[in-house]
Amino acid sequence: MSGIKRPGLAKDPGSESTPGMDPFADTLQRLREAFVSGRTRPAEFRAAQLKGLSRFLRENKQLLQEALAQDLHKAAFQSDVSELIICQNEVDLALRNLHTWMKDEPVAKNLITQLDSVFIRREPFGLVLILSPWNYPLNLSLVPLVGALAAGERTPPPSCPLPVLKPSEISKSTEKVLAEVLPRYLDQSCFAVVLGGPEETGQLLEHEFDYIFFTGTPHVGKTIMAAAAKHLTPVTLELGGKNPCYVDDDCNPQTVANRLAFFRYYNTGQTCTAPDYVLCSPEMQARLVPALQSAITRFYGDDPQSSPNLGRIISQKHFQRLRGLLSCGRVVIGGQSDESDLYIAPTVLVDVKETDPVMQEEIFGPILPIMNVRSLDQAIDFINRREKPLALYAFSNRSQVMNQMLDRTSSGNFVGNEGFTYMTLTSLPFGGVGKSGMGRHHGKFSFDTFSHHRACLLSYSGLEMLKNIRYPPYSDCRQKLFTWAVGSHRCTLL
């Protein structure tokens with residue numbers, strides 16, 4: 001197991017490389033050779049890696065909680081619920097279902113192929129690169145890693161994809177644990193952690209991978225996709241976006257405020273699926289604002305900065321960006337900031353214009369703008385004028401409102417009267433659409449993402465007389481018979 005150290009860190013004796021040499025070449029070559037040789041074993045090997053990942057989570061729980069607290073000031077509750085437990089659930093699901101997922105999948109046959117064996121075989125892509133972000137540095141590293149370790153087919157060679165994990169250099173404490181501790185739990189022949197910043201990531205992307213999985217911003221996603229295109233490498237891009245939240249007039253404002261405040265300020269708003277702005281009538285806004293103030297005070301006290309349940313902004317760069325957004329519209333709740341503590345109070349803005357900077361890009365912080373609309377139709381039109389979001393939220397007691405919002409909009413994920421609790425479900429796919437991303441993962445969807453679905457038909461070498469119908473010369477009778485035999489209404493799954 002190898003962790004490639006970023007330039008400037010202390011190196012192991014004998015590890016000095018010649019200036020200008022590619023720091024990743026040897027590791028990637030070693031992994032690719034391991035994949036081609038078939039040294040790794042299929043189901044048993046993969047189960048052993050997943051069990052090692054499970055031990056890593058259990059045996060280092062406190063260490064991981066401390067790292068997340070150092071990086072993001074995360075409370076133990078948030079670390080457990082949104083990082084450790086979700087990762088453990090993914091591992092447990094994969095271990096329970098690995099043999100079933102790896103089986104060849106029989107498919108329907110028409111009359112022409114009734115005597116053939118027809119199936120889908122899921123084969124591993126090979127060398128895969130996982131680029132993870134800083135906001136959920138454990139979750140968004142290990143959840144796709146589970147899918148990569150599990151993916152592929154039953155019979156060697158080859159066996160499973162060989163993942164290269166590149167954690168974010170911004171969440172330094174979690175990155176250190178992933179680089180120094182995680183390798184002790186996985187086989188050295190199938191996995192590597194590489195470190196570095198944007199420059200090193202650029203060098204890494206010069207290499208050819210068989211699959212790239214990236215979680216981050218749309219801006220960086222374009223760079224990843226451009227690099228992948230050079231090698232025709234398939235990608236999954238889990239990107240962000242401005243997630244709308246429509247609040248109907250018939251809602252209980254305090255119920256909406258409780259859920260909005262919880263999910264908007266969770267992880268200090270640094271969640272790609274968080275509600276990014278609210279659309280509601282002026283009348284609902286007048287009821288919602290005091291309800292939000294009540295919820296924020298109840299959650300974080302009169303002085304949120306001293307609350308152990310409110311995190312901090314990840315870096316000075318992001319702090320300055322967010323503080324600049326506080327000048328948009330009018331602050332009605334919060335607005336305080338402390339640069340020395342990277343603290344920005346849970347904030348609500350009103351009188352916000354569509355052209356304001358806070359409405360141009362994903363906020364990714366504890367700021368919630370409210371914009372006024374006069375009707376459901378106006379809200380839907382506003383949403384549809386913008387890029388398709390990663391998530392769309394709607395609050396209403398009327399099913400017709402919920403159905404219209406669902407039927408007349410497009411988003412990666414849709415939630416009614418709730419926040420991003422769907423992220424805890426391994427049974428649902430997670431992914432964006434349009435500029436909020438492409439591809440999907442979680443649970444079996446991760447397994448399928450890292451597997452090539454190979455169409456297979458095995459025919460008998462005999463019974464040539466039955467094949468004669470397809471050979472020329474063709475007659476009208478033979479054409480009609482063949483057309484009837486291959487018709488979709490004749491397809492069966494045997």
Whether the side chain of [X] engages the backbone of [Y] through a donor-acceptor N/O pair (distance < 3.5 Å, no angle test) should be reported.
X    : Y    : result
E200 : G197 : yes
H73  : L310 : yes
T424 : T421 : yes
D249 : S396 : no
N243 : A274 : yes
S294 : P290 : no
D210 : V128 : no
S54  : L50  : no
T233 : F209 : yes
K166 : G196 : yes

Interatomic distance, [X] atom [atom1] to [Y] atom [atom2] [nearest 0.5 angstrom]:
X    : Y    : atom1 : atom2 : result
R58  : L84  : CZ    : CG    : 12.5 Å
K61  : D80  : NZ    : CG    : 4.5 Å
L368 : L288 : CG    : CG    : 8.0 Å
N403 : R398 : CG    : CZ    : 12.0 Å
L182 : T174 : CG    : OG1   : 12.5 Å
Y265 : L260 : OH    : CG    : 8.5 Å

What's the shortest heavy-atom distance between [X] and [Y], and which atoms?
X    : Y    : answer
M359 : E354 : CB-O, 3.5 Å
T268 : R312 : OG1-N, 3.3 Å
P167 : L178 : CB-CD1, 3.9 Å
N139 : P144 : O-CD, 3.9 Å
A148 : F450 : N-CD1, 3.5 Å
V331 : L326 : CG2-O, 3.7 Å

Side-chain H-bond candidate by donor/acceptor type, [X] with [Y], under 3.5 Å:
X    : Y    : result
Q65  : E83  : no
Q285 : S281 : no
S436 : E387 : no
Y266 : S82  : yes
S171 : D71  : no
E199 : Q203 : no
N417 : Y393 : no
Q378 : R374 : no
Y343 : Q336 : no
Y300 : S306 : no
S340 : D338 : yes
H441 : E238 : yes

(request) Classify the ring geometry between W101 and F447 as parallel (under 30°), tilted (30 to 60°) or perpendicular (over 60°). (result) tilted

Could you tell me if the side chain of [Y] sits less than 4.5 Å from the side chain of [X], heavy atoms only?
X    : Y    : value
M284 : R287 : yes
K388 : S411 : no
N309 : F77  : no
Q270 : L72  : yes
I130 : I212 : no
F125 : S451 : no
Y246 : C280 : no
M405 : F414 : yes

Would one find more than 12 heavy atoms of other residues, nucleotides or ligands at under 6.0 Å from atom [atom1] of [X]?
X    : atom1 : result
Q316 : CD    : yes
D302 : CG    : no
Q305 : CD    : yes
M225 : CE    : no

(message) A cation-pi test, strictly: NZ or CZ of R46 under 6.0 Å from the centre of the six-membered ring of F191 and no more than 45 degrees from its axis. Yes or no?
(response) no

(message) As a quick check of understanding, evaluate side chain to side chain contact (heavy atoms under 4.5 Å, CB included) for R440 and T236, giving each step before the final call.
(response) CA-CA 7 Å; R440 57 186 183 173; T236 289; over 6 Å; no

(request) Go through the steps to decide whether D448 and K444 satisfy the test salt bridge (charged side-chain N to carboxylate O under 4.0 Å, His left out), and finish with yes or no. (result) CA-CA 6 Å; D448 288 336; K444 186 176 183 293; 3.0 Å; yes

(message) Against L28, only a single residue in V194, L204, L162, L129 fulfils side-chain contact (heavy atoms from CB on, under 4.5 Å); can you say which?
(response) L204

(request) Apply the test side chain to side chain contact (heavy atoms under 4.5 Å, CB included) to residues Q49 and D187: give CA-CA distance (whole Å), side-chain angles for both, the deciding distance (0.1 Å), then the verdict. (result) CA-CA 7 Å; Q49 302 314 299; D187 191 287; 3.5 Å; yes

(request) Verify side chain to side chain contact (heavy atoms under 4.5 Å, CB included) between R321 and F364, making sure each step is shown before the conclusion. (result) CA-CA 10 Å; R321 178 185 62 83; F364 227 63; 3.8 Å; yes

(request) Output every pair passing side chain to side chain donor-acceptor pair (under 3.5 Å) with a member in residues 252-261, not counting sequence neighbours, ordered by first then second residue. (result) Q254-N258, N258-R298

(message) Please determine whether side chain to side chain contact (heavy atoms under 4.5 Å, CB included) holds for the pair F430 and N413, giving the CA-CA distance in whole Å, both sets of side-chain angles, and the decisive distance to 0.1 Å.
(response) CA-CA 7 Å; F430 176 75; N413 313 277; 3.6 Å; yes

What donor-acceptor contacts under 3.5 angstrom involve side-chain atoms of residues 345-352, with partners at least two apart or in another chain?
residue: T347; atom: OG1; partner: G335; partner atom: N; Å: 2.9
residue: T347; atom: OG1; partner: A345; partner atom: O; Å: 2.7
residue: D351; atom: OD2; partner: R330; partner atom: NE; Å: 2.9
residue: D351; atom: OD2; partner: R330; partner atom: NH2; Å: 3.3

